[in-house]
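Data first, discussion second: the structure below is written as structure tokens.
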Amino acid sequence: MNTPAHVIFATVAFAQPYELHRTIAAITVALAPDVSLYVMAAVSLYVLGLSPSYVFDTLYFSDVWQEVFKIDNSVFV
């Protein structure tokens with residue numbers, strides 16, 4: 001699943017129209033599995049200075065990055 005799908009499913013399942021705190025919590029928890037992606041991409045792009053094509057065409061699909069994503073996405077299950 002990707003980030004927009006996480007947010008859609010969490011919002012449908014847990015958000016309430018007149019309970020802003022609950023809705024914000026649902027969206028925050030939905031974003032949590034993808035935090036590692038954003039951190040690793042940001043470090044690769046802005047700290048290490050790697051090109052976006054290398055980060056998203058090579059590193060994103062590397063075994064190491066995919067293992068991190070598997071762990072992050074299964075913690076909440």
Shortest non-hydrogen contact from Asn2 to Asp34?
C-OD2, 4.2 Å

Considering all heavy atoms of both residues, which atom of Pro33 and which atom of Asp72 are nearest to each other, and what is their separation?
O-CB, 3.3 Å

Taking every heavy atom of Gln16 against every heavy atom of Thr23, the minimum-distance pair comes out as O-OG1, 3.0 Å

If you take all heavy atoms of Trp65 and Ser44, which pair is closest and at what distance?
CZ2-OG, 3.5 Å

Are Ile8 and Ile27 grouped together when hydrophobic residues (ILVMFWY) are joined by side-chain heavy atoms under 4.5 angstrom apart?
no

Do Val43 and Tyr54 sit in one hydrophobic cluster, given that two such residues count as connected whenever their side-chain heavy atoms are within less than 4.5 Å of each other, even indirectly?
yes

Going from OG on Ser51 to CG on Leu59, what distance comes out if it is rounded to the nearest 0.5 angstrom?
9.0 Å

Give the cluster check for Phe61 versus Phe56: same hydrophobic cluster or not, with ILVMFWY residues linked at side-chain heavy-atom distances below 4.5 Å.
yes

Between Leu31 and Thr3, does the side chain to side chain contact (heavy atoms under 4.5 Å, CB included) criterion hold? Intermediate values first, please.
CA-CA 6 Å; Leu31 294 172; Thr3 303; 3.5 Å; yes

Once the angle between the rings of Phe69 and Tyr60 is folded into 0 to 90°, is it parallel (under 30°), tilted (30 to 60°) or perpendicular (over 60°)?
tilted

Rounded to the nearest 0.5 Å, what's the gap from OG1 on Thr11 to CD1 on Ile24? Could you check?
11.0 Å

Measure from the side-chain N and O atoms of Ser74 to the backbone N and O of Ile71, and report whether any donor-acceptor pair falls under 3.5 Å.
yes

Under a single-linkage definition using a 4.5 Å side-chain heavy-atom cutoff for Ile, Leu, Val, Met, Phe, Trp and Tyr, are Phe9 and Leu37 assigned to the same hydrophobic cluster?
no

Please determine whether residues Leu20 and Val29 belong to a single hydrophobic cluster, defined as Ile, Leu, Val, Met, Phe, Trp and Tyr linked transitively by side-chain heavy-atom distances below 4.5 Å.
no

Which heavy atom in Ala10 sits nearest to a heavy atom in Ala26, and how many Å separate them?
CB-O, 3.6 Å

Rounded distance [0.5 Å steps], NE2 in His21 versus OG1 in Thr28
12.0 Å

Do other residues, nucleotides or ligands put more than 12 heavy atoms under 6.0 Å from the CG atom of Asp63?
no

